[in-house]
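To keep things clear, I will list the structure first and then write my remarks on it.
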Amino acid sequence: MRRHPSMSTLGIIGAGAIGTRIAQRAIDAGIDVVLANSRGPETLTGTIAELGPRARAATPEEAARAGDWVVVSILPLAAYQQLPAAELAGKVVLDTGNYYATRDGHVPALDAGELTTSEYVQQQLPGAHLVKAFNNLSASHISALARPAGAADRTALPIAGDDPRAKSSAAELISRLGFDTVDVGPLAESWRFEPETDPYTLPYCADPDAMRAAWEQFVAALRSGTAPQPPAADPGAAPLPAARLRSLLAGTPRTLTADRLIA
């Protein structure tokens with residue numbers, strides 16, 4: 001029997017910027033949150049105090065068991081091998097991760113485009129119903145762009161997954177968190193919103209051209225041995241409607257690791 005929406009619980013494994021922003025959106029939507037990280041519940045005291053009484057800290061195993069959905073927002077990529085796969089089996093798991101070889105170490109199948117990042121993650125979690133989501137925008141945009149259902153300036157996020165029922169459930173959650181969704185298809189198609197594709201990050205920025213130029217300057221400085229200045233935080237956010245997102249997804253070329261500005 002389906003639980004009443006007011007009784008919903010979201011498990012979140014990973015208490016970084018993305019995980020905590022999603023946690024706040026969930027609480028604002030009346031969803032209880034069970035938050036976990038790799039360092040233990042006692043390290044989350046301050047975060048839980050900020051989130052309020054609808055949130056509690058737990059171990060990853062407890063968060064996985066408690067959640068009607070489970071968000072996984074961890075790094076590096078090797079950390080997925082430490083997830084509680086048994087507890088995540090049968091769960092709708094929203095994967096927010098991205099692959100950066102300079103951070104994660106080279107994975108030949110990902111470098112060659114033989115697998116998408118989420119196909120790789122699904123191999124680590126064979127019993128989970130994985131849905132790729134929330135990986136293509138910044139943490140600040142999760143807060144800035146959330147809108148009620150039906151709002152004229154509602155933003156859309158792409159999702160991908162191999163299980164239609166899991167995608168439907170994930171879309172329901174994401175709608176409650178404040179966003180429309182565009183179904184990209186199976187995990188094999190999730191490359192369409194991986195790093196440096198057309199729908200990745202920049203379309204949600206208030207000034208995407210300025211952000212792109214800033215990152216190019218940053219990388220050029222790194223490569224030349226000059227002390228780089230990190231790009232300034234985006235001063236604002238721009239709603240991205242579903243129709244525009246669909247166009248970006250359809251037209252983007254695949255960007256392999258070797259072709260990226262930031263590998």
Side-chain angles (χ1 to χ4, degrees), residues 12-22 35-40 43 47 60 70-85 88 93-125 128 130-142 157-158 160 187 190-205 211-234 252-263:
I12 301 178
I13 302 174
I18 296 288
T20 53
R21 296 296 180 103
I22 292 174
L35 184 64
N37 64 10
S38 62
R39 294 177 295 135
T43 66
T47 301
V70 182
V71 170
V72 174
S73 187
I74 60 175
L75 52 86
L77 195 60
Y80 282 86
Q81 298 173 10
Q82 308 304 317
L83 287 170
L88 291 170
V93 176
L94 280 68
D95 169 36
T96 77
N98 291 303
Y99 168 60
Y100 285 96
T102 51
R103 179 194 67 197
D104 300 320
H106 282 279
V107 179
L110 297 181
D111 290 338
E114 296 168 2
L115 292 174
T116 64
T117 306
S118 284
E119 285 181 299
Y120 176 85
V121 172
Q122 181 71 83
Q123 292 180 351
Q124 317 306 312
L125 304 172
L130 200 73
V131 178
K132 184 78 163 182
F134 282 109
N135 70 298
N136 73 313
L137 76 172
S138 70
S140 64
H141 291 160
I142 293 173
L157 306 181
L187 293 176
S190 63
W191 64 264
R192 293 183 181 277
F193 52 104
E194 287 184 344
E196 298 189 27
T197 56
D198 292 345
Y200 188 78
T201 305
L202 291 178
Y204 301 95
C205 293
M211 285 299 293
R212 182 184 294 108
W215 278 112
E216 289 173 349
Q217 292 171 6
F218 176 75
V219 172
L222 278 177
R223 291 175 176 171
S224 68
T226 306
Q229 285 293 114
D234 181 55
T252 191
R254 189 163 192 173
T255 306
L256 299 180
T257 308
D259 301 323
R260 290 183 188 171
L261 188 65
I262 303 173

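Heads up: numbering here begins at 1 and tracks the sequence.
Residues Val107 and Thr117 are not in side-chain contact: their nearest non-hydrogen atoms beyond the backbone lie 4.5 Å or more apart. Put simply, the side chain of Leu110 does not reach to within 4.5 Å of the side chain of Thr257, judged on heavy atoms. The closest side-chain heavy-atom distance from Ser118 to Val131 is not below 4.5 Å. Counting heavy atoms from C-beta outward, Thr252 and Phe193 have side chains that stay 4.5 Å or more apart. Looking only at side-chain heavy atoms (C-beta outward), Ser190 and Glu119 stay at 4.5 Å or farther from each other. Looking at heavy atoms from C-beta onward, Gln124 lies out of side-chain contact with Leu83 at the 4.5 angstrom threshold.
One finds the CD atom of Gln123 at 14.0 Å from the OH atom of Tyr80 (value rounded to the nearest 0.5 Å). Distance CG/Leu137 to OH/Tyr200: 9.5 Å, rounded to 0.5 Å. For the atom pair Tyr99 OH and Asp111 CG, the distance stands at 3.5 Å (nearest 0.5 Å). In this structure, Leu94 CG and Ile18 CD1 are separated by 12.5 Å, a value rounded to the nearest 0.5 Å. A distance of 5.5 Å separates CD1 in Ile142 from CZ in Phe134, rounded to the nearest 0.5 Å. In this structure, Glu114 CD and Leu256 CG are separated by 10.0 Å, a value rounded to the nearest 0.5 Å.
With hydrogens and angles ignored, the 3.5 Å screen pairs a side-chain donor or acceptor of Asn136 with a backbone N or O of Pro199. No donor-acceptor pair under 3.5 Å is formed between the side chain of Glu194 and the backbone N or O of Thr116. At least one donor-acceptor pair under 3.5 Å links the side chain of Thr197 to the backbone N or O of Arg192.
For Thr20 against Ala17, the heavy-atom pair with the smallest separation is OG1-O, 3.3 Å. Of all heavy-atom pairs between Tyr120 and Gln81, the closest is OH-NE2, 3.5 Å. The two residues Leu157 and Tyr204 come nearest to each other via the heavy atoms CD2-OH, 3.8 Å. Between Arg21 and Ala139, the shortest heavy-atom contact is NH1-O, 3.3 Å. Residue Pro60 comes nearest to Ile13 through the heavy atom pair O-CD1, 3.7 Å, listed as atom of the first residue, atom of the second, then distance. The minimum heavy-atom distance linking Gly97 with Asn135 is given by the pair O-CB, 3.8 Å.
Sequence neighbours left out, the pairs with a member in residues 93-110 that pass salt bridge (Lys or Arg N to Asp or Glu O under 4.0 Å) are Asp95-Lys132.
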